[in-house]
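Before any comments, here is the structure.
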Amino acid sequence: MSILIDNNTRVLCQGFTGSQATLHSEQAIAYGTNLIGGVTPGKGGTEHLSRPVFNTVREAVSQTRADASVIYVPAPFCKDSILEATEAGIQLIICITEGIPTLDMLRIKMAVDASGARLIGPNCPGVITPRECKIGIMPGDIHLPGKVGIVSRSGTLTYEAVKQTTDFGFGQSTCVGIGGDPIAGSSFIDILALFEADPCTEAIVMVGEIGGTAEEEAAAYIASHVTKPVISYIAGVTAPAGKRMGHAGAIVSGGSGSAEDKFAALEAAGITTVRSLTDIGRAIQERIGLTNDRIATI
Amino acid sequence: MNLHEYQAKAVFKSYGLPVSTGRVAESPEEAIKAAEEIGELTGESSWVIKVQVHAGGRGKAGGVKLASSLDEIREFASHWLGKRLVTIQTGEDGQPVDKVYIESLTDIDRELYLGAVIDRAERRIVFMASTEGGVEIEKVAAETPERILKTSIDPVVGAQAWQGRDLAFRLGLEGGQVREFASLFVNLARLFEDSDCSLVEINPLVVTRAGKVHCLDAKMSVDDNALFRQKALAAEADESQDDPREAEAARHGLNYVALSGNIGCMVNGAGLAMGTMDLVKLHGGEPANFLDVGGGATRETVAEAFKIILADDSVRAVLINIFGGIVSCRVIADGIIGAVKDVGVRVPVVVRFEGNHADQGRAALAESGLNIIAAASLGEAAEKAVAGAGSAA
């Protein structure tokens, strides 16, 4: 069991023949992802990576029954691509692209919500259910099937959390990068709800960072809705106010969004926090104990 | 990207927003000429002259002056042009003053505040208005939040005049001011969307003695992600207002923010870069910078990153933390070796590689014969960097 994706997920790639999409689609296919084809307008009817290419998402869906789409198209065209996917009935849209204008995201988010689809990202590493389905740019080989659900605003911080849960033998149920932009398709709360309902997920790692109030909102949600152990780390204690720290969403502004505020909110909600990035694995062990029995059977 | 007041006011003017008659000047002679031109248009002989920097708090720092003679204009311009203005919003070095803006004088009856930002939680453009204009709005929000009035813009239908009227009545405006304010509000919302703003602020928005609503100041920030379609605004960028190292880094596709510590950090990924800085601090050190080399790092960008980090004289050790996802540690290793040879590094360099081709990267560093300290884990890397900075200090 897992959340969002598994080995039955039929994945379509938008912007399929571009260089980034080609690189990551090759790796996804090698990982075992059921990548059924792609869309590049004007290249419909051809083949790429031994998969069919379609002109439109609607055409691809009608011929392949794709139920998830990954988007690698350049930022200026992402609004168009995401709206095309929702219109074609894709239920899970994962947008990897960084640099989408914030005003585009306001409108995208409204349209996606109205359609009932789920958007992950943008500006994220994607989603992976270990050894079943990899959608995105994360290195597959650091993952291990297991029981920890990981949700994070940052790509490489997710990899750190993955490595530690792998090294400790817990493995991951599913890892979800919700992205580093001010307006995200899915929030921590959206993903926490899925992990809470997933029988395979026994503990949840939530990796946040400075900027906005998503972690504070998640803390309140966890206190009232999540029964599973949650371990949280927040990056950016040393970040100065008013500066954009790489991610468009990572700015401490007007006295809100600081790492200390977030740690305080999480701790007040009874969530286990770690101040050191290197303590995530150990903190999980303290909460749920070290059990290697699952690993032995893999 | 931030605009100067004079640039923002030009945009305001093109949207029919009420601003004063103004001219920008880069020398005392230009300032005099500007004041004379404004005088001819208005028939008055008093002006406001303001330094143009990307920071608030100019008035308190002496960067704004009421002038009632051309001598005062000349004196102010001569004093400030070429100097740096330090305000509560700048660092201790301040911001360079390359331009001054001269405007006709406005008789003020009331000072209000009007601003707009993108509210992340609400996922809307949100307007804020207050009767407490001309002061720090953050302070008003913290101390008397009930004095901040808010209204949010529906992304589909846009700003509506009734929202402006509603704010106007609550601000205590009356008569024709209500319609003026409502029109200003709708136009400002249109400007915000058309220009892909992340922030627009008028502080103060004043009611003149003649009872007119008037924009005394103007602040605009444009979403960096939208500059590809805001070419006219992008061309207005003033790099002199940015930290020179940050601007240099940006030219090479690197995200760099200068800090005050002595441990230079080079990391892939923004979140991990912050996490690494925090770890340095936890181990008793102070990070000298935030630097994200990004997912597309090449030998060249790594070499540039090295140069930028080492250009900071206070750096006593360099910590390189790479979790190779897309980026190969082998490529990073080559970049480090090349840079260390090129630049001549005199401080300890600690490297932690994980992920994509980490073993090859470590091997390449070991074979290089250079004095590079390998760390087996992130914790160890932070420890060694802090120790290295301590011994080099």
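Chain A is the first sequence line, chain B the second, and so forth, proteins listed ahead of strands; every chain is numbered from 1. Keep in mind that the numbers below use all heavy atoms, side chains included, and drop hydrogens, waters and symmetry copies.
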- Answer key: most heavy-atom pairs under 4.5 Å with chain A among B:Leu227, B:Leu282, B:Val117 is B:Leu282

- Query: Can you check whether A:Thr278 reaches B:Ser377 side chain to side chain, under 4.5 Å on heavy atoms?
  - Reply: no

- Item | Max heavy-atom pair count under 4.5 Å with chain B, selected residue of A:Pro125, A:Ser276, A:Ala111 | A:Ser276

- Message: Would you say that A:Pro101 contacts B:Phe228 through its side chain, given a criterion of any heavy-atom pair below 4.5 Å between the two side chains?
- Response: yes

- Item | Interface moiety of A:Asp113 toward chain B, non-hydrogen atoms closer than 4.5 Å | side chain

- Less than 4.5 Å apart, any side-chain heavy atom of B:Ile118 and any of A:Leu103? yes

- Query: Is it the backbone or the side chain of B:Ile125 that comes under 4.5 Å from a heavy atom of chain A, or both, or neither?
  - Reply: both

- Task: Check whether B:Arg124 gets within reach of chain A through its side chain, its backbone, both or neither, counting any heavy atom under 4.5 Å.
- Result: both

Report all side-chain donor-acceptor pairs from residues 269-278 of chain B shorter than 3.5 Å, counting only partners two or more places apart or in another chain.
| from | atom 1 | to | atom 2 | distance (Å) |
| --- | --- | --- | --- | --- |
| B:Thr276 | OG1 | B:Leu272 | O | 2.6 |
| B:Thr276 | OG1 | B:Asn321 | ND2 | 3.0 |
| B:Asp278 | OD1 | A:Val237 | N | 3.1 |
| B:Asp278 | OD1 | A:Thr238 | N | 2.9 |
| B:Asp278 | OD1 | A:Thr238 | OG1 | 2.7 |
| B:Asp278 | OD2 | A:Gly236 | N | 2.6 |
| B:Asp278 | OD2 | A:Val237 | N | 3.0 |

- Between B:Asn225 and A:Ile100, is any pair of side-chain heavy atoms under 4.5 Å apart? no

- Task: Evaluate the salt bridge (Lys or Arg N to Asp or Glu O under 4.0 Å) criterion for residues B:Arg120 and A:Asp181: first the C-alpha distance (whole Å), next the side-chain angles of each, then the deciding distance (0.1 Å), finally the verdict.
- Result: CA-CA 10 Å; B:Arg120 299 157 68 136; A:Asp181 276 4; over 6 Å; no

- Any residues in residues 350-358 of chain B near chain A, with a heavy-atom distance under 4.5 Å, and which are they? B:Arg352, B:Glu354

